[in-house]
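One structure is given below, encoded as structure tokens.
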2 protein chains.
Amino acid sequence: MENTHYQNLTRTFARLSRFSHLSAIASWDMFAMMPPAGSAARGAALAEIGVLQHQILTDKQVGQWLSAAEQENLNDVERANLREMQRHYQQAVLLPESLVEAKSLAGSKCEHAWRTQRPANDWEGFSANLKEVVKLSREEARLRAEAKGGSRYDALLDIFEPDMTSARLDVLFADLKSWLPSLLEKVTDKQAAANLVAPTGPFPVETQRDLGLDAMALLGFDFNAGRLDVSAHPFCGGVPEDVRITTRYDENELFSALFGVVHETGHARYEQNLPREWLGQPVALARSTAIHESQSLFFEMQLGRSEAFLQRLLPQIVSRFGNQPAFEAQNYIAWNQRVKPGYIRVDADEVSYPAHIVLRYEIERALIDGDIEVDDIPALWDEKMQAWLGLSTKGNYRNGCMQDIHWTDGGFGYFPSYTLGAMYAAQLFHAARRALPHLDQAIAAGDFSALFDWLRQNIWQHGSRFSTSALMTNATGEDLNPLYFRQHLEARYL
Amino acid sequence: MENTHYQNLTRTFARLSRFSHLSAIASWDMFAMMPPAGSAARGAALAEIGVLQHQILTDKQVGQWLSAAEQENLNDVERANLREMQRHYQQAVLLPESLVEAKSLAGSKCEHAWRTQRPANDWEGFSANLKEVVKLSREEARLRAEAKGGSRYDALLDIFEPDMTSARLDVLFADLKSWLPSLLEKVTDKQAAANLVAPTGPFPVETQRDLGLDAMALLGFDFNAGRLDVSAHPFCGGVPEDVRITTRYDENELFSALFGVVHETGHARYEQNLPREWLGQPVALARSTAIHESQSLFFEMQLGRSEAFLQRLLPQIVSRFGNQPAFEAQNYIAWNQRVKPGYIRVDADEVSYPAHIVLRYEIERALIDGDIEVDDIPALWDEKMQAWLGLSTKGNYRNGCMQDIHWTDGGFGYFPSYTLGAMYAAQLFHAARRALPHLDQAIAAGDFSALFDWLRQNIWQHGSRFSTSALMTNATGEDLNPLYFRQHLEARYL
């Protein structure tokens, strides 16, 4: 019996996912394991397989199969899979192979150099590489926008969060801007009164790692199908069958690595619980980067910094590091719910975090749409940091516009996912709380089974079967509503 | 200007080497990092890229370019590169894609299951998987032998050591058999008189690791271009730009991990010093597995267990672990030159090691040539271990025929490389000593620069430019001569 067109497609996409597997592991290795001299060869290898995947995906026959499969008899999941295949195909077929390769190489080069340029505060060196990345990303955005309509930046946004537009983001972020600055002021004023005791280190790296593993176990991470390692910038990588998360340690700072682990564990559990029976097919992939962030922030912020969870974790912290005044319950909880505007996005509390995102969104949108140039970034960064958080980054590139990895390899359009994720997370937690009575008691008792079952049923198991909008509506009864995020912040911090 | 045929070939082989890069890193990861549940997906991914590489290499056009390039104007290195390209092509074009894929999948499956079957002594479970691997390896050997002439086993041998035949091995091994058993007896008798003090542990893993890093630094390992990690079976993997070596630790045993590291450092330095200007081309690959083993054994046995080197290492051992009676110089040297026949090949001293190899060679040759079946292995193993070393492995599969990883993924034909390597190493060390006066004093002083320069000039920098025979003749004045190995053993142990 001959294959159907749909079957030909599933075979092709399964093959692509095997190449993605190698690419994912080699990328994880690049950040977590690779010594410096391996960089050029690794960049070339990743670019080569990127070009190969692009060739396979954009093969004429794939386009023909996609059209023909529309007429075949498919069930609902297969139809969703076909829709996702079409999305991947259309996104790829727009780009010439030479651009795919050039972007991959320029990204590897810029990212690798950034590792030493950032500590050296070397904006001049960095911006030279970044200009090349921006040039190629603009070209990519131009091609995507031509095919899709809408602005160039919107065309990149759509890669990370399908159907999201800057028009919609502008509304969401305008709402944020209307209440966040005053909330931030109120909270910092209120917290200024509290005289908190800081934890006193050193906290040995090995013990911090053990505590992180405790937290991962508590949160249901499957160690049979994943690992915890170290990288400069925490991330979640690997493949659903083998999820690699990382954090970084500072012997003088206890909670940064720990909440990094809690955050990445949220990403990891989503990956580890994607629909097994469809693994290797586009429908089994995570819905979007914003939904991915919603899971990590659900774990880190909604759950992780809740009083009930913090209480649950405290005995393990004391047993690992011994007791000290900072671990007195009330002080410890207040310490982990501090709101303190600072330079660094990844260290930011959840109240000031959106400021970091709106700032980056405005800059990267203007950059991609051609309204500003790379050389304009530092001044704009400084101006916006002053306006939002009252902090100057003049000459401080390291802790200003050079702090993030995202732009180094052309990930423009990603940043909004963080704040969208925070909004989705608040909305999901609100819905879960409504569905699960006695949730706080269960959390305080260390019993997260009902909560995780709820996430599994409502988010994880669906992969990319539904649009983000349908997924959220099915899970919570309504499409994205930023009100829940505001309510969450006000309830926790005012 | 149009590309020459030769240029088309170098581009194709550079592309293949980028895929090999990903495959090498993913394989290293599989042994050193991967959690168990990642196994099936990893196996599928590695098989997929193996098939892809096979497709690219055996493309009709590659065959045409290879013929046409013969007529082009090439320099000596290019001509050697073309010869190696032809070798790779001819070895690949014989095998149908389906066999390549089936062998990769069966190998991954057998190796993965072996990890738990070996400690469980589960011969029944293991042999079921091994039969499939043997079936596919026999098919491979049949196809290769048909094209090449000679026996099936010889066709596999040729993959690892070009131009080596079992007829030649039989002569070499017959020579060994004529003197090794009596040497072994004399040495064990002689050593029985010595009353050695065993090192007393525990030796913490972290400190052992630090000592291994000391030894690597002493031996010139480039940490900017490589790493040391842990795996069940020590190996050297990765790529020349980023060499990954592993060892394994036992808190009660100090020297096993250390000499594992010294051994793998020999492999690593060969890889790290392959000709940079040709990297990515077949001519820049290591000459053969036997020459590779000659470098690791040069480091571990010729250099590493020499009195001068052991003396040089002693202060670092004492500084890491404190002093104890076993570290008294004479005891420590004698301890590290002990000859003690045992079950485990990787733990064997250099005098009894060849027994392990000849045994495996005889079994795997018979197995591939179809004279015996998988079910016959345990009895043959027991019989040969009894004859060579007076040890019974009846029912002890774990420490008998299940101890090695090589057969799990169909690496039949590899084992002879170890003893060929020992012979090459002795011959090379003999030549280096002749070329370098005061070598022992330099080693005792920790100055290996002249020795390593000699290796770089005579072996490392040539990659695959010359045949093994020409390489050895250029370096030592004659082709492989097993006399030096015998002389070395007699000088050190009698």
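This structure is a prediction, so every number in the text was calculated from the model and none was measured. Every chain is numbered from 1, with letters handed out A, B, ... down the list of sequences.
- In terms of heavy-atom pairs under 4.5 Å with chain A, the best-connected choice from R244(B), R15(B), E241(B), E48(B) is E48(B).
- Closest approach of A44(B) and R18(A) over heavy atoms only: O-CD, 3.4 Å.
- Residue contact with chain A, scored on non-hydrogen atoms closer than 4.5 Å, involves the backbone and the side chain of R42(B) alike.
- More than 12 heavy atoms of other residues, nucleotides or ligands shown are found within 6.0 angstrom of CZ on R276(B).
- Nearest heavy atom pair, residue L22(B) against residue A26(A), reads CD2-CB, 3.6 Å.
- Among pairs with a residue in residues 219-238 of chain B, those fulfilling side-chain hydrogen bond (donor to acceptor under 3.5 Å, both in side chains) read R227(B)-D229(B), S231(B)-T246(B), at least two apart in sequence or across chains.
- With D242(B) as the partner, the side chain to side chain contact (heavy atoms under 4.5 Å, CB included) test is satisfied by one option alone out of S39(A), P36(A), P35(A): P35(A).
- Counting heavy-atom pairs under 4.5 Å between each of L52(A), L46(A), V243(A), L279(A) and chain B puts L52(A) at the top.
- Of the two parts of I49(A), the backbone and the side chain both hold a non-hydrogen atom closer than 4.5 Å to a non-hydrogen atom of chain B.
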